[in-house]
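These notes concern the structure reproduced below.
Letters A, B, ... mirror the listed sequences (proteins, then strands); counts begin at 1. The figures here come from the full heavy-atom set of this structure, side chains too, leaving out hydrogens, waters and symmetry mates.
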There are 2 protein chains.
Amino acid sequence: MPPYAAPMHNRRADGVREALEQMIVTGELPDGERLDEVSLADRFGCSRTPLREALHALAASGLVQLIPRRGAFVRHPGLEEMVEMFEVMAELEALCGRLAARRVTPALLGALQATVIACEEAVAAGDHDRYYAENERFHLLVYEAAGNGFLAAEAGRLHRRLKPFRRLQLRLRGRMAQSLAEHRTVLSALQDGRPEAAAEALRDHVAVQGGKFNDLMASYRRSSLHAGSETALRA
Amino acid sequence: MPPYAAPMHNRRADGVREALEQMIVTGELPDGERLDEVSLADRFGCSRTPLREALHALAASGLVQLIPRRGAFVRHPGLEEMVEMFEVMAELEALCGRLAARRVTPALLGALQATVIACEEAVAAGDHDRYYAENERFHLLVYEAAGNGFLAAEAGRLHRRLKPFRRLQLRLRGRMAQSLAEHRTVLSALQDGRPEAAAEALRDHVAVQGGKFNDLMASYRRSSLHAGSETALRA
DNA sequence: AACGGATTTCTTGTATACAACATGCTTGAC
DNA sequence: GTCAAGCATGTTGTATACAAGAAATCCGTT
């Protein structure tokens with residue numbers, strides 16, 4: 001199996017990258033914030049070289065905008081862009097489901113069933129964090145079940161990027177139970193080998209439509225990730 | 001409109017990146033080739049710093065594999081991975097078509113029609129290069145017509161990565177005329193505002209299925225991009 | 001002669017020094 | 001007083017120097 005992502009945590013630059021990524025997605029670094037190389041290198045106790053590497057990697061992920069000879073700026077997705085990303089994510093998940101319904105192995109089916117059970121327990125206990133973790137596991141298993149390594153990597157990439165927003169979504173009242181029901185529908189379609197049913201179930205599960213849009217808007221506003229000024233964005 | 005890709009061609013590293021990318025996709029650098037930093041920097045007349053930047057960017061694009069403390073290696077997709085990428089590409093194009101059928105503007109419809117006409121001329125003249133160029137333009141227009149900037153960026157990324165293989169495909173006998181007919185079907189669906197028809201047409205247009213798989217295999221073998229040894233890949 | 005270990009050499013990862021460019025301020029003219 | 005040009009400052013891009021890890025070689029032992 002060819003590797004689609006390089007191994008991490010070996011070079012110091014990777015640590016800086018993760019730290020910065022965390023600071024960005026948590027909103028500690030607001031949108032538009034200028035990322036000065038020397039001060040950040042100072043803060044992380046390293047030189048500019050690994051820090052620049054981290055900034056370029058973040059730029060490749062879309063979390064940072066890199067303007068030549070001007071510097072790096074934090075770039076949080078606006079509401080519009082977030083809807084766009086969810087639109088693509090829904091389709092990628094749908095494809096995963098369609099393929100997985102045909103290709104899933106018994107072992108993966110068992111693992112999927114186990115996560116659904118774990119989700120049920122989390123809902124019963126009202127444990128948001130537990131549910132969040134099991135929910136993520138469920139989706140990653142679906143990606144893997146699709147039997148397409150490239151697709152799994154791409155879906156995982158986008159999933160990771162949408163992570164913070166998804167988490168906000170789950171906090172909304174009743175969303176957890178609804179999500180669990182949708183997981184059951186997906187699992188059922190995979191067990192019965194119904195590709196289109198699995199695709200539709202996953203698409204609807206992820207898509208931002210109807211009332212979900214208002215929920216997303218509300219949680220986005222509350223997240224205040226876009227607290228920074230827009231002045232830095234006029235390239 | 002938020003920018004999804006940084007402007008290029010400003011720093012010297014970008015030039016190196018493009019040159020290396022060209023050398024890789026043309027097969028001048030075979031699969032598994034080790035990319036020594038000092039010798040390459042020497043060859044490009046620059047220091048190791050911009051060259052390392054280029055290598056990291058190429059690693060993000062998936063064209064090279066970066067093993068910590070070991071070096072960078074050219075990584076051409078194997079046949080399996082190529083099929084995987086086409087599977088995803090087909091779905092992204094289908095999504096573009098579905099959305100474009102609802103969102104396309106008259107101006108873009110006109111541009112699409114113009115490229116189809118240009119494609120017809122190219123087919124009549126037997127001009128592969130011209131057809132290739134217009135074909136690419138057609139697809140990029142579809143991406144744009146979907147009205148989802150993020151999707152357009154992702155589709156464009158994958159399209160670019162599959163570029164060399166698509167080109168080989170078009171060289172096959174009769175493929176150009178068939179491709180043109182499929183473009184007509186897509187355009188018709190977009191004009192009439194039939195989302196599912198457009199999606200299906202584009203999916204079938206891109207997907208590797210039936211006889212196309214054998215064609216792909218044949219052209220892949222002939223491309224000899226995988227001429228290098230596999231020894232370097234055992235990480 | 002074959003194997004194991006230590007050393008040596010080469011390569012990558014990191015730090016620092018230098019250069020080019022952008023920006024902001026000062027100063028001078030109108 | 002306002003605007004513009006030039007200078008000063010600071011930041012990024014690049015080059016070079018240094019450190020640490022990996023690989024190959026050489027030597028000693030069995």
[X] bridged to [Y] by N-O distance under 4.0 Å:
{"X": "A/R203", "Y": "A/E93", "answer": "no"}
{"X": "A/R17", "Y": "A/D14", "answer": "no"}
{"X": "B/E21", "Y": "B/R161", "answer": "no"}
{"X": "B/E91", "Y": "A/R98", "answer": "yes"}

Spell out protein contact along nucleotides 7-13 of chain C as letters: B when the base is contacted, S when just the sugar-phosphate is, - when no protein heavy atom is under 4.0 Å; keep the 5' to 3' order.
----SBB
Please check: side-chain N/O of A/E53 versus main-chain N/O of A/A13, any donor-acceptor pairing under 3.5 Å?
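Looks like no, no N/O pair under 3.5 Å.
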D/dG13 P sits how many Å from B/D14 CG, rounded?
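Roughly 10 Å, once rounded to whole Å.
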Side-chain N or O of B/S47 closer than 4.0 Å to phosphate OP1/OP2 of D/dA15
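Yes, within the criterion.
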